[in-house]
Amino acid sequence: MKKSTLVFVLIIALGIFSCTNETEGSITLVSTEEMQTLIDLENVQLVDVRTPEEHDKAHLSNSQNIDFNSPTFDVDISVLDKEKPVILYCAKGGRSAKCAEKMLKAGFKKIYDLEGGFSKWQHVDLDI
């Protein structure tokens, strides 16, 4: 009887943990090289979380500008696909890290944050 109870408890625990892993998202800090690979290989949403003024001066091609400090930030990110990977960048990495945490709580599944931000980008394809 004890053996069957133990097996039952293990099956229930396994079920709970496997379901939890499927619904939780993740944040991955990536280098510029890793980011370039992700852009090349995956169908990603590239999001610049700097101000519109910063974005207008220089930004990565195909990036969307969603200002992290905007009062409409939560509404602005709601247009993004939570199931599709998101790559975030800001000037140096501070705002994008905060944004990544907020997006994780909002239910985004796969979030990449560019380490060091736009200032570290070495393969820049600028739209000026």
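We number each residue from 1, following the sequence as shown.
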- What is the distance from atom CZ of Arg50 to atom CZ of Phe118, rounded to the nearest 0.5 Å? 5.0 Å
- Message: Donor-acceptor pair, distance only, cut-off 3.5 Å: does the side chain of His59 make one with the backbone of His55?
- Response: yes
- Query: Side chains of Leu38 and Ile87: does their closest heavy-atom pair fall under 4.5 Å?
  - Reply: yes
- Who passes side-chain contact (heavy atoms from CB on, under 4.5 Å) against Ser70, sequence neighbours left out? Asp67, Thr72, Asp76
- Note on the structure: Members sharing Leu29's hydrophobic cluster, built from side-chain contacts under 4.5 Å between Ile, Leu, Val, Met, Phe, Trp and Tyr, are none
- Query: Can you check whether Leu114 reaches Thr32 side chain to side chain, under 4.5 Å on heavy atoms?
  - Reply: yes
- Query: In Å and rounded to the nearest 0.5 Å, what is the CD to CD1 distance from Glu101 to Ile27?
  - Reply: 4.0 Å
- Whether Gln36 side chain and Glu33 backbone form a donor-acceptor pair below 3.5 Å: no
- Message: Checking Lys102 now: which residues fulfil side-chain contact (heavy atoms from CB on, under 4.5 Å) with it, not counting sequence neighbours?
- Response: Phe68, Phe73, Asp74
N/O donor to acceptor pairs below 3.5 angstrom from side-chain atoms of residues 88-100, sequence neighbours left out:
unit_1: Tyr89; atom_1: OH; unit_2: Asp48; atom_2: OD2; d: 3.1
unit_1: Tyr89; atom_1: OH; unit_2: Leu60; atom_2: N; d: 3.0
unit_1: Tyr89; atom_1: OH; unit_2: Ser63; atom_2: OG; d: 3.2
unit_1: Arg95; atom_1: NH1; unit_2: Glu54; atom_2: OE1; d: 2.8
unit_1: Arg95; atom_1: NH2; unit_2: Glu54; atom_2: OE1; d: 3.3
unit_1: Arg95; atom_1: NH2; unit_2: Glu54; atom_2: OE2; d: 3.1
unit_1: Ser96; atom_1: OG; unit_2: Gly93; atom_2: O; d: 3.3
unit_1: Ser96; atom_1: OG; unit_2: Asp113; atom_2: OD1; d: 2.5

- Cluster question for you: counting only ILVMFWY and a side-chain heavy-atom cut-off of under 4.5 Å, with indirect links fine, are Val47 and Ile111 together? yes
- Query: Which residues pass the side-chain contact (heavy atoms from CB on, under 4.5 Å) test with Gln45, sequence neighbours left out?
  - Reply: Gln64, Leu80, Asp81, Lys84, Val86
- Task: Flag yes if Leu46 and Leu104 sit in one hydrophobic cluster, no otherwise; membership is Ile, Leu, Val, Met, Phe, Trp, Tyr, and two members link when side-chain heavy atoms are under 4.5 Å apart.
- Result: no
- Rounding to 0.5 Å, atoms NZ (Lys110) and CE (Met103) come to a distance of 14.5 Å
- Query: What's in the same ILVMFWY side-chain cluster as Leu41, cut-off under 4.5 Å, chained through other members?
  - Reply: none
